[in-house]
Peer 1: 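Encoded as C-alpha cells, here's the structure I'll be asking about.
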Amino acid sequence: MKTVYVDNNATTQIADEVREAMLPFLTDLWGNPSSMHTFGGQVKKHVEAAREKVAALIGAADPQEVTFTSCGSESNNLAIRGGAEAMDKPLHVITSKVEHAAVSGPCHYLEDRGFRLTKLDVDSQGDLDTGALVHEVKSGKSLTSIMWANNETGVIFPVSQIGELVHEFGGIFHTDAVQAVGKIPMNVSELPIDMLSLSGHKLHAPKGVGALYIRRGTKVKPLVLGGHQERGRRAGTENVPYIVGLGVACDLAGKKLSEENDRVKAMRDRLEQGILACCPGSRVNGDSMHRLPNTTNISFDFIEGEAILLMLDDRGICASTGSACASGSLEPSHVLRAMNVPGTAVHGSIRFSLSTYNTDEDIDAVLTELPKIVQRLRELSPFV
Amino acid sequence: MKTVYVDNNATTQIADEVREAMLPFLTDLWGNPSSMHTFGGQVKKHVEAAREKVAALIGAADPQEVTFTSCGSESNNLAIRGGAEAMDKPLHVITSKVEHAAVSGPCHYLEDRGFRLTKLDVDSQGDLDTGALVHEVKSGKSLTSIMWANNETGVIFPVSQIGELVHEFGGIFHTDAVQAVGKIPMNVSELPIDMLSLSGHKLHAPKGVGALYIRRGTKVKPLVLGGHQERGRRAGTENVPYIVGLGVACDLAGKKLSEENDRVKAMRDRLEQGILACCPGSRVNGDSMHRLPNTTNISFDFIEGEAILLMLDDRGICASTGSACASGSLEPSHVLRAMNVPGTAVHGSIRFSLSTYNTDEDIDAVLTELPKIVQRLRELSPFV
Amino acid sequence: MWDYTDKVNEHFRNPHNVGKVENPDGEGQVGSLACGDALKLMFKLDDEGRISEAKFQTFGCASAIASSSALTDMIIGKTLEEAEKITNKDIADYLGGLPKQKVHCSVMGREALEAAIYNYRTGKTWSKEIEGEVVCHCFGVTDKEIEEAIRN
Ligand SMILES: Cc1ncc(COP(=O)(O)O)c(C=O)c1O
Ligand SMILES: Cc1ncc(COP(=O)(O)O)c(C=O)c1O
Ligand code: FES
Ligand code: FES
C-alpha cells in the first residue's frame, strides 16, 4: 500500500539534498568545531555557513542573530524562560490561547513563579483578539509570545501589528514561527520581532535541530548553561550534521517558497473543496484568508477524530487530529475549543497538511477514501 | 598526511555500525513517533529499543529511567536545575572545583538564585576531598553533583562512597558520567546514584544526543517544557536517528569495554611512559590509580600548551589542552589550578585521550614527534 | 500512537451489533450532545428472559467503539442478572486489554447497559449525577469512575 503522507505540520521527510549534505559530517568530518586542531576546527566554517543560510531564509540582518538549538521546543523555552530572566522587570507575560505546548509550558512556568500571565482569546475564525492585546500591552513592559502561524489550523497571526504594539510600550516580542518558516515569505530584519523560533523537521531537515533568532541587542539568558558554544547562548557540543542539514533545508525552502504558495496551495484548496463538497456536515476550521498555504483543518459533525484517523491509516493515509505531541492526551484540541467550535465538531476534526512532496494523486486518494469513512462512522453515531 | 586522533575526550568518530543503524531513519523512517498513524507510530518501538540499550550499558533497572536529551550539557542542566526545582527545600548545592562547565554553570545559576553553593577541593592528584564532603552533606538536605570521571585528567571519583554519604543525610546525588560511560563498567542500579548524565559523542554516537538516567522515584522538573515526549520529562519531537544511534553505540561500547580496559589502556600506558621517558621536565597530572583507561594529561615545564598543540597539529596529531569547549578561553585549566599544578606546568599541559580506533602506529607517531616539538619550544623559552 | 490489541482493532473496524433494536425492552443512553459524550444501548429479551438482541450507537474513539461492540457480544444470551455482573475489567479483558489512558472508554458501555436495565425495570429514563473531576472531556467520564474501572 502506498503511503499518502498529508501530515507535514507534524513532521516532514528529510530532503535528499539535506541528507546528502549531512553525510560527510556523519562520516569523515566528525571533529569538534571547538577543537584547536585543524581536524576539528575545519568543521566550524560549515556551521557558520549554515547559520548564514538560516539567516537568509528568515531575513536576519546578521547571521550571529541565529542561535542553533536542539528543536523548536527548546527555542521557545530559551526565548520565553531566558527572555523573561534577562528582563529587568519581566512581570507580565502575554500569549494566546492557541499556542503550542512548548510556548504555553514555559509561560505557565513563569506564572508559577509570580509573573502575571495573560492568554489572549481568538475568535471563531481563530483570529487573535488584537483589541485585547492593545489593552494588555499598555499595562507595562511585557514579554509577549504569539505564534506566527497556528499548527492545527494554519491561521496566520498579524505579527507585524502585534510586534508594533508590544514595542510601543517597551515590551519584547517573541514569535513561534515553527509552522511559518519555509511556508510563507518573511523578513525579520524589517519586522518588529525580537525573537523567532524555528524547527528543522518542519522544513525537511531532521528532527532534533532548531534555531532561535535573537535580534541584536535583545537579552536572553541561556537555558542550557555550560561551555561557550553559540557565543554562550547555548552550551553543548554542536550537532554539526544537523546544523549543516538545517542550512541546506533553509536554502531549499527559500527556493521552493513560490511552489509552496502556488502548487501546494492549489492542492490544498482542491482537497478542501473536495471534502466540503462530498462530506455533508463538514466545515473548515480557521480563517481562510489568513492561512498557511499547506494546511486545512476540517471538522465532521457527529463523528470522532481518532476513529477517522485510524480508518484513514488503514488506507495508508497519514493525517492528524490537532498536534501530534498532544496525541497522548484525550482532551479535545485546545485550539478548537478556544475557537468555540460547536458540539461534536470539536471532537471530530482532522488536519491535513501538505508539502511540496505531495502529488495530485495524494489528493485523489484522500478524496476517494474519506467520504466512505465518514459515512461508515456516521452509521455508528447515535446523533444522526 | 595521516590524521592521528588522540582527542577522544573531546569527541569521537561515529562508529560505522552506528551510522548504518541511523541511516534508515534519515531516509525512509522519518515519521514522528508521537503520530497516531502507523507510518509515524512504528518508529516509536525503535526509540524504546534504544532506551533499553542505554539502560543496559549503565545497568539501569528499568529503561524508563532513561530520558533522552540533546547532549551531555542538557542532561547536566536538567539534572541540576530540574532536580533543585523539584526538591522541597533545595537549599544546598554541593559540587567540586573540577566539574565541566555544564555542571558548574547550572550550579552557579542556582547560587545566583539564593542556593548555598559549596565547591569541594581536590588534592594535587586530582582526588576529591571526601572529608570535606562528609562535613558538607551533614548540614542539611543537599543536591550534590560530582562527576564520575574528569574530562581533563581522567581521574575517577568514588561515586559509590559519595552517593552513600549524600543519601545518609537525605540528599540527592547526580553524577556527570559523560566521560565514564563506555570506558569503565558500571551498574547504576546497585549504586547510590539518583541521576547520571551521558553524552553520545563521547562514545561513537553523533554530537547532539545524550541521556539522563533518573532513578525511579527521583523528582525532576523538565528543562524544556511543552509536549508529552519522554513521559513529560523533555519536550520536543524526538531525534529518532540519533537516539537509535546512541542505542547502537551503547551496545558496541558494552562489547568493547574489555578492549578499552585492556588494549586501549596498554596503548595509553605506553604513550605515557614513552613521553615521560623522552621529555625531561614532564609529569602526569592526576592520580594514576583511579584513572580512565584512555586518558593521560601531561605537563611540560617551561613551555605553553597552545604552542605544543599547534605544532602537533602541523604533524596531523590531534590532541587538546583542557576541554575543547574551554578552548575559546585563555584561562589556564580550572582543573589543573584546583590541583595546584605548579609554575609554568599549568600552562603547558596536553591531554591525550584514546579510543578503540587508535592503533600502535598512532602511539608511535606521537612518541616520534612530541619530543622534537618540546625541545624546539624549550629553545624558545626564557625559563630554560 | 495507541497500542491497541488486535481484538480492539477488529472490533473497531468491524463493530458488531451496530444500530437500533426495533421495539426494545430496555434502552439506555449516557451523555448528551451538549457535553459531548454519547452511547446508546438497546436490548430485547426472549421468552426465557435472556437478551436476544442488543445494539449500540456511539460517538467515540476507537476504544469506545470496540468496547461497545464487545459489550453487546458479551451480553447476548445472558439474563439481565448475569449481564449486570459484567465489569469494565471484563470488557477490557475480553478485548485483550486497553491502553491505561483508554480504560475509561469502557466505562460508558457499562453505564449505558445499567441505564438500559433500569429503563426495562422501571420504565423510567436514568439520569445520573457526575461527581469528581472530568478527565475525559469528550465523554464526561470522571476520575472516580476511572478509578473504579481500574480497580475493578
Ligand atoms: C565531563 C563532561 N561533561 C559534560 C560534557 C558536555 O557534553 P556535550 O558536549 O554533549 O554537551 C562534556 C564534554 O563536552 C564532558 O567532558
Ligand atoms: C507551532 C509549533 N511550535 C513548536 C513546535 C515544537 O517543535 P519541536 O518538535 O522541534 O520541538 C511545533 C511542532 O511540534 C509546532 O507546531
Ligand atoms: S600570550 Fe597569548 S594567550 Fe596569553
Ligand atoms: S471515550 Fe475514548 S477517549 Fe474518551
Side-chain angles (χ1 to χ4, degrees), chain A residues 3 5 7 10-11 13-14 19 22 26-27 30-32 34-40 70-74 76-77 100-102 105-106 109 201 206-209 223-229 235-242 306 309-310 312-313 318-321 323-329, chain B residues 3 5 7 10-11 13-14 19 22 26-27 30-32 34-40 70-74 76-77 100-102 105-106 109 201 206-209 223-229 235-242 306 309-310 312-313 318-321 323-329:
Chain A
T3 297
Y5 190 83
D7 197 14
T11 198
Q13 79 179 79
I14 299 176
R19 189 176 41 255
M22 292 185 342
L26 292 167
T27 312
W30 47 266
N32 187 328
S34 300
S35 287
M36 201 103 84
H37 44 72
T38 311
F39 177 74
S70 71
C71 59
S73 297
E74 188 193 325
N76 285 339
N77 276 263
H100 189 270
Y109 172 91
H201 73 104
K207 285 164 260 307
V209 64
L223 187 70
V224 180
L225 297 153
H228 299 293
Q229 294 91 350
T237 304
E238 297 88 338
N239 183 346
V240 179
Y242 281 16
E306 184 194 311
L309 271 197
L310 294 181
L312 283 170
D313 188 38
C318 306
S320 170
T321 55
S323 59
C325 75
S327 68
S329 117
Chain B
T3 297
Y5 189 83
D7 196 15
T11 198
Q13 78 179 79
I14 299 176
R19 187 175 44 257
M22 291 183 346
L26 292 167
T27 314
W30 47 265
N32 187 329
S34 300
S35 287
M36 200 101 84
H37 44 71
T38 310
F39 177 73
S70 72
C71 59
S73 298
E74 187 192 325
N76 285 338
N77 277 262
H100 189 271
Y109 172 92
H201 73 104
K207 285 165 260 306
V209 64
L223 187 71
V224 180
L225 296 154
H228 299 293
Q229 293 91 349
T237 305
E238 298 88 338
N239 183 345
V240 180
Y242 280 17
E306 185 192 309
L309 271 197
L310 294 182
L312 283 170
D313 189 37
C318 306
S320 168
T321 57
S323 60
C325 73
S327 67
S329 113

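Just so it is clear: chains get the letters A, B, ... in the order the sequence lines come, proteins before strands, and each one is counted from 1.
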Peer 1: Identify the two heavy atoms, one from B:M22 and one from A:L26, that lie closest to each other, and give their separation to 0.1 Å.
Peer 2: CE-CD2, 3.8 Å
Peer 1: Just do the side chain to side chain contact (heavy atoms under 4.5 Å, CB included) check on A:S35 and B:D7 with the steps written out, would you?
Peer 2: CA-CA 9 Å; A:S35 287; B:D7 196 15; 3.8 Å; yes
Peer 1: Compare all side-chain heavy atoms of A:K207 with those of B:E238 and state whether any distance is below 4.5 angstrom.
Peer 2: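 They are not in contact (no side-chain heavy atoms under 4.5 Å apart), so the answer is no.
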Peer 1: Please give me the minimum heavy-atom distance between A:C71 and B:G236, naming the atom from each residue.
Peer 2: SG-CA, 4.0 Å
Peer 1: Could you give the distance from CG (B:N76) to CG (A:L225), rounded to the nearest 0.5 Å?
Peer 2: 11.0 Å
Peer 1: Quick one, B:Y242 and A:S70 - any side-chain contact, counting heavy atoms below 4.5 Å?
Peer 2: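 Not touching, per the 4.5 Å side-chain cut-off.
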Peer 1: Which bit of A:N77 is near chain B, if near means a heavy-atom gap under 4.5 Å: side chain, backbone, both or neither?
Peer 2: side chain
Peer 1: In terms of heavy-atom pairs under 4.5 Å, which option from A:R19, A:E74, A:H201 contacts chain B the most?
Peer 2: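 With the most close heavy-atom pairs to chain B, the winner is A:R19.
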Peer 1: Which atom pair, heavy atoms only, marks the closest approach of A:H37 to B:A319?
Peer 2: CD2-O, 3.2 Å
Peer 1: Give, for atom CD1 of B:I14 and atom CH2 of A:W30, the distance between the pair rounded to the nearest 0.5 Å.
Peer 2: 9.5 Å
Peer 1: What is the minimum heavy-atom distance between A:G227 and B:A101, and which atoms define it?
Peer 2: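 Shortest heavy-atom contact: N-CB, 3.8 Å.
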Peer 1: For the candidates A:A102, A:C318, A:G208, which exhibits the highest count of non-hydrogen atom pairs separated by less than 4.5 Å from chain B?
Peer 2: A:C318
Peer 1: Who wins among A:A235, A:P241, A:S73 for the most heavy-atom pairs under 4.5 Å with chain B?
Peer 2: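 Highest number of heavy-atom pairs under 4.5 Å: A:S73.
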Peer 1: So does B:T11 get a backbone contact from the side chain of A:N32, meaning a donor-acceptor N/O pair under 3.5 Å?
Peer 2: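 No.
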Peer 1: For chain A, which of B:L312, B:L309, B:L223 has the most heavy-atom pairs under 4.5 Å?
Peer 2: B:L223
Peer 1: Quick one: of A:T3, A:V209, A:V240, A:T27, who has the most non-hydrogen atom pairs under 4.5 Å with chain B?
Peer 2: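 Heavy-atom pair counts peak at A:T27.
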Peer 1: If you measure from CE on B:M36 to CG on A:L310, what distance do you get to the nearest 0.5 Å?
Peer 2: 6.5 Å
